[in-house]
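First up is the structure itself, then whatever we jot down about it.
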Protein chains: 2
Amino acid sequence: MLKLSKKIEYGIQALQYMANNSGSVISAKEISEQLNIPYEFLSKTLQILNKNGIIISQQGIKGGYILARDPKSTTVAEIIKALEENAIIVDCLSNDQENCDRINFCTIKNPMNKLQEKINFLLNNTTIAEFSEV
Amino acid sequence: MLKLSKKIEYGIQALQYMANNSGSVISAKEISEQLNIPYEFLSKTLQILNKNGIIISQQGIKGGYILARDPKSTTVAEIIKALEENAIIVDCLSNDQENCDRINFCTIKNPMNKLQEKINFLLNNTTIAEFSEV
DNA sequence: TTAATTCGGATAACAATAGTCCGATTTTTA
DNA sequence: TAAAAATCGGACTATTGTTATCCGAATTAA
């Protein structure tokens, strides 16, 4: 129902936190405590963001995470893509047609695609920087 | 994860079908068969759309549904609102604060609200008419 | 060597969505 | 007036997806 998952919500909030503390390596524990986000769940989220090149991890004691890039160049669209496979509003827009077992009856693909593209435009043009300018 | 529910997907498709057959009363059964949508599930959906004044029902044999208004004046936003209570991208944008147990830690409300408003604009400006112009 | 951290896989708990069942009511028409 | 075809309404079930947890391994600074 057009809601972002907690993984994405937590992810964005964590990135915002890192953006506001740029320069220092920040542990999952610190973010978890400061933002009241379940530690284990946040850890997973950060690991995925790390694998997708949005943040950089440093292992070991004194380890943690740091933004990989300027907050202005990390978009919400990228974050969503990293944390989920499909960010499509209806199944028939999926690349693998198997996702939509009603493909032969789908009469809404084109107009839905237009709407999807407009939403994508918004997500591509919203960056982490806008979340730290509060 | 930013996906529309089946209720909404089916609802839009059904409204599109009605728009393309305007003038005649159309039964849930016909729509269900033509679009390969589970009958009982579709029925519920149409009943809700009826209650919300988006379509008009006619009971009894030869009964069915018909659009309540010109397709140009029924927006996707209205349909979503009719079929779901909350169409918000994050919990903290809810009116009743109880929905967000992290409200005191929420640092993303303002920027998320801006994004929400942009999405709302899109949904308010996409009508059923655009779905029948295929 | 120890402590604090990330990493990775499995799994459990929970919630929401999707779908079904069934009986009641309405209305047309034969 | 009876039968048939439709909507209406509530309860229920099944399935899936999200959210969260557990635990052990690997890494690294001090």
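Here the structure is a predicted model, which means the values were calculated and not measured. To find a chain, count down the sequence lines: A is the first, B the second, and so on, and within it residues start at 1.
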Given pairs defined as Watson-Crick or G-U wobble with both distances under 3.5 Å, what dot-bracket annotation applies to DNA chain D, with ( ) intrastrand, [ ] crossing, | other strand and . unpaired? ||||||||||||||||||||||||||||||
Can you see if the side chain of S57(A) gets near the phosphate of dC7(C) - specifically, an N or O under 4.0 Å from OP1 or OP2? yes
State whether a side-chain donor-acceptor pair under 3.5 Å links E33(A) with Y39(A). no
Quick note, K62(B) side chain, CB onward, closest among dA29(D), dT28(C), dT19(D) is dT28(C)
Below 4.0 angstrom, N of the basic side chain to O of the carboxylate: do E9(A) and K6(A) qualify? yes
Return the nearest nucleotide to the side chain of Y65(A); candidates are dC21(C), dT6(C), dC8(D). dT6(C)
Between dG19(C), dC8(D), dT28(C), which one does the side chain of Q47(B) approach most closely? dC8(D)
Q59(A) has a side chain; which of dG8(C), dT27(D), dA4(C) sits nearest to it? dT27(D)
How long is the line joining NZ of K3(A) and P of dT16(D), in whole Å? 23 Å
Euclidean distance, atom CD1 of residue I56(B) to atom P of dC8(D) [Å, nearest integer]: 12 Å
Taking the side chain of S5(A) as its heavy atoms from C-beta onward, which of dC21(C), dT19(D), dA18(C) lies nearest to it? dT19(D)
Set of side chain to side chain contact (heavy atoms under 4.5 Å, CB included) partners for K72(B), sequence neighbours left out: D70(B), A129(B)
Kindly say whether, by distance alone, the side chain of K44(A) makes a donor-acceptor pair under 3.5 Å with the base of dG9(C)? yes
Return the value, rounded to whole Å, for the distance between atom CG of N52(B) and atom P of dC8(D). 13 Å
Upstream residue (5' side of DNA chain C) when E84(B) and P38(B) are each assigned their closest nucleotide: E84(B)
Backbone of Y65(B) reached by a side-chain donor or acceptor of Q58(B) within 3.5 Å: no
Under 3.5 Å, is there a donor on one side chain and an acceptor on the other for Q16(A) and N20(A)? no
Check: T126(A) main-chain N/O paired with T75(A) side-chain donor or acceptor under 3.5 Å: no
Please find the pair of heavy atoms, one from S5(B) and one from E84(B), that lie closest to each other, and give the distance. OG-OE2, 3.0 Å
Once you round it to whole Å, what is the distance between C1' of dA4(C) and CD1 of I61(A)? 4 Å
How long is the line joining CZ of F41(A) and P of dA12(C), in whole Å? 18 Å
Quick one: which of dG8(C), dG9(D), dT7(D) gets closest to the side chain of K51(B)? dG9(D)
Rounded distance (Å) that lies between atom P of dT5(C) and atom CD1 of I66(A): 16 Å
Determine whether T107(A) and Y17(B) satisfy the following criterion, side-chain contact (heavy atoms from CB on, under 4.5 Å), listing intermediate values before the conclusion. CA-CA 9 Å; T107(A) 55; Y17(B) 187 88; over 6 Å; no
Nucleotide of dC21(C), dA4(D), dT7(D) approaching Y39(B) most closely (side-chain heavy atoms): dT7(D)
Identify whether any heavy atom of Y10(A) sits under 4.0 Å from a base atom; if not, whether one sits that close to sugar-phosphate; answer base, sugar-phosphate or nothing. sugar-phosphate
So which nucleotide from dC8(D), dT19(D), dG19(C) ends up closest to the side chain of K6(B)? dG19(C)
Round to the nearest Å and state the distance from N36(A) atom CG to dT19(D) atom C1'. 15 Å
May I ask you to verify if any side-chain N or O of N50(A) is less than 4.0 angstrom from the OP1 or OP2 atom of dC7(C)? yes
Nearest-angstrom distance from the residue atom CD of Q58(B) to P of dA6(D): 12 Å
